Amino acid sequence: MTMFGSVAAKDMEDDMAPDWLVDGLLPTESWGILAAEAKIGKTWLAADLAVSVASGTTFLTRATRQRPGLYV
C-alpha cells in the first residue's frame, strides 16, 4: 500500500476551479489592486464594484455573488 494515489487531470480541473465573487474577474477570498493614472475613475470603479457585490447585481456585464462589503 502506498501513501500516494493517482488522479486524472480531468478530475483535478473541477476541484481546482475557483469560486468567483465576480465571474472570471475576482475570485472569492482574494485580494486585488486597482491601479491607474490619476483622475481616471478608480474611485468610481471601486464604488461600483462594492455596490454590485453588496446588491448581487452585475459588474461590468459580469455576474456577481452577493456578499456583505465595506468600502473605506
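No experiment lies behind these values; they were computed from the predicted model shown.
Shortest non-hydrogen contact noted between Glu37 and Lys42 is O-NZ, 2.9 Å. Smallest separation of non-hydrogen atoms from Ser55 and Val51: OG-O, 2.7 Å. Between Leu21 and Arg67, the shortest heavy-atom contact is CD1-CG, 3.6 Å.
At distances below 3.5 Å, not a single donor-acceptor pair connects side-chain atoms of Thr64 with backbone N or O atoms of Val22. A side-chain donor-acceptor contact under 3.5 Å links Ser52 to the backbone of Thr58.
Taking the side chain as every heavy atom from C-beta outward, Phe59 and Leu25 approach each other to under 4.5 Å.
Linking Ile, Leu, Val, Met, Phe, Trp and Tyr whenever their side-chain heavy atoms come within less than 4.5 Å leaves Tyr71 and Trp44 in two separate clusters. Linking ILVMFWY residues whenever their side-chain heavy atoms come closer than 4.5 Å, directly or via other members, places Leu60 and Leu34 in the same cluster.
In this structure, CD1 in Ile40 is found 11.5 Å from CG in Leu45, a value given to the nearest 0.5 Å.
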